[in-house]
Amino acid sequence: MKKPLIFLFLLPLYLVAQNNSREKNFFLNLGAEFRITPIHKSGDQAVATNFINPDLQNSGPVLNIGLDYFFTQNFSVGFKNSVRYDLITTHIDETSSETERGLMFGYHFGFNYHFQIFKKGDLLVNAGLSLLNRKSEYARTEPIFNEEGDVVGSKTSMDNYNFSANKISVGYGKGKSKIMMGIYISRNTKYFEGKATFMVPFISYSIDIAKF
């Protein structure tokens, strides 16, 4: 009689432990992010090569969907896909540009670690690489000059505002929910003539919607 009672007592504890385990599991998550106005040197804007406002194009709301795999209870690697509806350039000629709103995408690869230093919840640290502003392609038309300097035609080519950035963030996680604050850091964008540090702060919230 004692063995069945012990089994009934231990079974809920075992199930709870299994349910809280992250090791060797995938987690599908969904969330929202808000990118704050980028930070860059005040003089950079004077030598900008763009026909679009880089601050407007890189700030605003974002929808994220991601997948994390936990090698241990606390360490994981993840991939996240971001989608946003924002200002994009559609065409540039020698003196003007045309803009409209459209979808742009981002792809994020990162390492995550949970520091279990709170009684309830974890301190979260993330570091990785982000590929930003995908689908920002536009047509650029430039004049063709003859030897006398007269315009004899034009050529059209495709360009974009894609750039890569290091991503660093910290936050707090409890149960299935996580809130993070971080920054994208790049020194190579097409917004300026030379290299200039271009940083995009952000705050995000996500929730795990599936475990498998």
Side-chain angles (χ1 to χ4, degrees), residues 2-36 38-39 58-86 103-135 162-187 198-212:
K2 290 183 179 180
K3 288 184 178 180
L5 289 176
I6 294 173
F7 176 76
L8 291 174
F9 176 76
L10 293 177
L11 180 61
L13 296 178
Y14 173 78
L15 293 175
V16 169
Q18 291 297 307
N19 187 52
N20 290 333
S21 176
R22 294 186 290 254
E23 186 175 354
K24 293 181 173 56
N25 282 296
F26 287 94
F27 287 82
L28 182 66
N29 52 75
L30 183 67
E33 177 180 313
F34 187 83
R35 295 178 187 169
I36 304 166
I39 303 168
N58 291 280
S59 60
V62 183
L63 177 66
N64 290 324
I65 184 167
L67 186 68
D68 295 321
Y69 177 75
F70 281 81
F71 290 98
T72 69
Q73 178 70 4
N74 296 320
F75 174 70
S76 67
V77 296
F79 169 76
K80 201 177 296 290
N81 185 21
S82 63
V83 183
R84 60 195 178 97
Y85 184 72
D86 216 323
L103 292 178
M104 284 193 292
F105 298 86
Y107 307 105
H108 313 269
F109 308 87
F111 298 95
N112 314 286
Y113 199 88
H114 292 238
F115 291 92
Q116 299 176 324
I117 61 176
F118 304 117
K119 290 184 178 179
K120 295 183 178 180
D122 300 333
L123 171 68
L124 309 178
V125 176
N126 170 273
L129 176 69
S130 295
L131 309 178
L132 301 173
N133 289 1
R134 269 48 189 178
K135 296 295 183 183
N162 296 354
F163 69 93
S164 301
N166 295 320
K167 180 182 179 183
I168 303 171
S169 60
V170 296
Y172 176 77
K174 181 179 179 183
K176 298 181 179 181
S177 299
K178 306 178 188 69
I179 185 167
M180 307 288 291
M181 295 183 65
I183 193 165
Y184 299 98
I185 306 172
S186 176
R187 288 188 58 80
F198 189 75
M199 299 178 289
V200 185
F202 69 89
I203 183 169
S204 66
Y205 171 82
S206 66
I207 185 169
D208 295 329
I209 58 175
K211 170 185 174 181
F212 50 93

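The model shown is predicted, which means the values in this text are computed figures rather than measured ones.
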Is the closest side-chain heavy-atom distance between [X] and [Y] below 4.5 Å?
X: Tyr205; Y: Met180; answer: no
X: Asn166; Y: Leu129; answer: yes
X: Pro61; Y: Phe34; answer: yes
X: Leu28; Y: Ile65; answer: yes
X: Leu103; Y: Lys135; answer: no
X: Phe115; Y: Val170; answer: no
X: Asn25; Y: Phe70; answer: no

In Å and rounded to the nearest 0.5 Å, what is the [atom1] to [atom2] distance from [X] to [Y]?
X: Gln73; Y: Lys24; atom1: CD; atom2: NZ; answer: 11.0 Å
X: Tyr184; Y: Ser169; atom1: OH; atom2: OG; answer: 8.0 Å
X: Ser206; Y: Asn64; atom1: OG; atom2: CG; answer: 8.0 Å
X: Ile39; Y: Ile185; atom1: CD1; atom2: CD1; answer: 9.5 Å
X: Phe202; Y: Ser82; atom1: CZ; atom2: OG; answer: 10.5 Å
X: Ile183; Y: Lys167; atom1: CD1; atom2: NZ; answer: 12.5 Å

**Qualifying residues under salt bridge (Lys or Arg N to Asp or Glu O under 4.0 Å), relative to Lys80, sequence neighbours excluded** =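 With neighbours one apart ignored, the set is empty.
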**Message:** Let's go through Ile209 and Lys176 carefully: what are the C-alpha distance in whole Å and the side-chain angles of both, what is the deciding distance for side chain to side chain contact (heavy atoms under 4.5 Å, CB included) to 0.1 Å, and is it a yes or a no?
**Reply:** CA-CA 8 Å; Ile209 58 175; Lys176 298 181 179 181; over 6 Å; no
Quick check: closest heavy atoms across [X] and [Y], and the distance to 0.1 Å?
X: Arg22; Y: Gln116; answer: NH2-NE2, 3.7 Å
X: Gly31; Y: Leu63; answer: O-CD1, 3.4 Å
X: Ser164; Y: Leu131; answer: OG-CD2, 3.3 Å
X: Asp208; Y: Phe27; answer: OD2-CD2, 3.7 Å
X: Gly121; Y: Tyr172; answer: CA-OH, 3.6 Å
X: Phe71; Y: Val77; answer: CE1-CG2, 3.6 Å

**Asked** What orientation do Phe26 and Phe212 show, parallel under 30°, tilted 30 to 60°, or perpendicular over 60°?
**Response**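 Geometry flag for Phe212 against Phe26: parallel rings.
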**Request:** Go through the steps to decide whether Arg35 and Asp86 satisfy the test side chain to side chain contact (heavy atoms under 4.5 Å, CB included), and finish with yes or no.
**Result:** CA-CA 12 Å; Arg35 295 178 187 169; Asp86 216 323; over 6 Å; no
**Item:** Side-chain donor or acceptor of Arg134 paired with backbone N/O of Phe163 under 3.5 Å
**Value:** yes
**Asked** Would you find a donor on one side and an acceptor on the other, under 3.5 Å apart, between the side chain of Arg84 and the backbone of Met104?
**Response**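 Side chain of Arg84 to backbone of Met104: no pair is present.
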**Item:** Test item: side-chain donor near acceptor, Asn58 and Asn133, under 3.5 Å
**Value:**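 Per modelled atom types, Asn58 and Asn133 side chains form a pair under 3.5 Å.
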**Asked** Are the aromatic ring centres of Phe109 and Tyr107 under 6.0 angstrom apart?
**Response** no
